[in-house]
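All figures in this text were calculated on a predicted structure; none of them were measured in a lab. Here, residue 1 is the first one in the sequence, and each next residue gets the next number.
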Amino acid sequence: RLAERAAGSGLFFRLLTENPDVLGVFCDLGGHSPVLADLLWSRPATMDAFLDALVTAPRDGLPPFEDLPLRDLRDLEMLRIATRDLQGRANVRQTARQLSGLAEAVVRQASAGQGRIAVLALGRLGAGEMAYGSDLDLLLLHDGEAEESDRGGREILARLTGDGDPVYRVDIRLRPD
């Protein structure tokens, strides 16, 4: 599917031909994880940014991606983590910690500027044991006006869940009491 997506781009195939390490990363991602392959296939801009990063830093790993929209930050960092994982440069525990760190950074960015709301991570995120397909089990606490806090909480959730294409799936109904 990636080849079909790039069929009009001789540059893509030339890039893969001239950079066997980059070709290896794409084969590893596509062969080991349908989720990651779908992420590349469904988001051409992400695939382009990922390719650019691979070509500019193939041996040292991908550079950190900063100042990106939440969706792009999550996608590119997840691909960076998966690349290290598939190349055997991170074990299961390190990968889980990196995925947890990524989710934490995304939640922190999503909750910035939302007043006096604390976001508590439960489940895999709270334990630092995120996997590639994990959702976020969150508990939102506030210290302030109920209406203002409710608005802030809804904004955080909207930033994380998006419009039909969530950055992360979020479960906040874990502990209704």
Side-chain angles (χ1 to χ4, degrees), residues 1-6 9 11-112 119 121 123-138 156 159-170:
R1 290 190 303 176
L2 288 172
E4 288 173 3
R5 166 81 60 190
S9 173
L11 179 62
F12 174 74
F13 294 109
R14 188 168 140 208
L15 185 80
L16 294 180
T17 302
E18 293 174 358
N19 297 281
D21 291 341
V22 174
L23 175 61
V25 168
F26 269 84
C27 289
D28 284 344
L29 288 172
H32 287 89
S33 175
V35 171
L36 296 172
D38 284 344
L39 190 152
L40 285 169
W41 176 79
S42 65
R43 303 182 73 80
T46 299
M47 186 169 88
D48 290 345
F50 183 62
L51 262 174
D52 289 345
L54 283 173
V55 171
T56 59
R59 298 215 189 311
D60 299 329
L62 296 175
F65 298 99
E66 299 171 354
D67 301 323
L68 295 172
L70 289 179
R71 158 66 59 203
D72 295 340
L73 171 70
R74 200 261 352 222
D75 290 351
L76 291 170
E77 280 294 313
M78 189 171 292
L79 289 167
R80 182 190 63 76
I81 292 165
T83 299
R84 286 182 42 85
D85 182 14
L86 292 172
Q87 291 175 341
R89 296 187 300 139
N91 62 33
V92 172
R93 183 174 293 226
Q94 291 167 326
T95 299
R97 277 194 217 127
Q98 290 173 353
L99 290 168
S100 298
L102 169 58
E104 189 176 309
V106 168
V107 169
R108 190 175 292 123
Q109 189 173 341
S111 59
V119 181
R124 286 182 170 261
L125 177 56
E129 298 175 348
M130 292 284 290
Y132 292 106
S134 295
D135 66 352
L136 303 182
D137 298 332
L138 302 177
I156 292 168
R159 289 177 181 178
L160 291 171
T161 59
D163 292 329
D165 188 19
V167 178
Y168 281 101
R169 290 181 329 271
V170 177

Asks: Can you check whether Tyr132 reaches Ile81 side chain to side chain, under 4.5 Å on heavy atoms?
Replies: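 They are in contact (side-chain heavy atoms under 4.5 Å apart), so the answer is yes.
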Asks: Nearest 0.5 angstrom please: Asp21 CG to Thr83 OG1, how far?
Replies: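 Here the interatomic distance stands at 11.5 Å.
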Asks: Taking all non-hydrogen atoms of both residues, which atom of Gln87 and which atom of Val25 are closest, and how far apart?
Replies: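 Of all heavy-atom pairs spanning Gln87 and Val25, the closest is NE2-CG2, 3.4 Å.
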Asks: Determine whether Thr46 and Met78 make a side-chain contact, defined as any pair of heavy atoms from C-beta on separated by less than 4.5 Å.
Replies: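 When only atoms from C-beta onward are counted, Met78 and Thr46 do not touch, as no gap falls below 4.5 Å.
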Asks: List the atom of Thr161, the atom of Val170, and the distance in Å for their closest heavy-atom pair.
Replies: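 Answer, listing the atom of Thr161 first, then Val170: CG2-CG2, 3.9 Å.
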Asks: Side-chain contact, heavy-atom cut-off 4.5 Å: Phe50 with Leu29?
Replies: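 Yes, close enough: below the 4.5 Å cut-off.
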Asks: To the nearest 0.5 Å, tell me how far Asp85 CG sits from Leu99 CG.
Replies: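 Between Asp85 CG and Leu99 CG, I get 8.0 Å after rounding to 0.5 Å.
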Asks: List the steps and the verdict of side-chain contact (heavy atoms from CB on, under 4.5 Å) for Arg71 and Arg74.
Replies: CA-CA 5 Å; Arg71 158 66 59 203; Arg74 200 261 352 222; 2.8 Å; yes
Asks: Name the residue from Arg80, Arg97, Glu77 that meets the side chain to side chain contact (heavy atoms under 4.5 Å, CB included) definition with Leu102.
Replies: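 Among Arg80, Arg97, Glu77, the one meeting side chain to side chain contact (heavy atoms under 4.5 Å, CB included) with Leu102 is Glu77.
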Asks: Begin with the C-alpha distance, continue with both residues' side-chain angles, and end with the deciding distance and a verdict on side-chain contact (heavy atoms from CB on, under 4.5 Å) for Leu136 and Met130.
Replies: CA-CA 9 Å; Leu136 303 182; Met130 292 284 290; 3.6 Å; yes
Asks: Consider side chain to side chain contact (heavy atoms under 4.5 Å, CB included). Of Val107, Val106, Asp75, Asp72, which one does Val167 pass it with?
Replies: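 Passing option: Val106.
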Asks: List the steps and the verdict of side-chain contact (heavy atoms from CB on, under 4.5 Å) for Asp137 and Leu125.
Replies: CA-CA 7 Å; Asp137 298 332; Leu125 177 56; over 6 Å; no
Asks: If every non-hydrogen atom of Arg124 is compared with every non-hydrogen atom of Ala131, which pair is closest and at what distance?
Replies: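 In terms of heavy atoms, the two residues are closest at NH1-CB, 3.9 Å.
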Asks: Below 4.5 Å, heavy atoms only, C-beta onward: do Phe26 and Asn19 meet side chain to side chain?
Replies: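 Result no, sub-4.5 Å side-chain heavy-atom pair not found.
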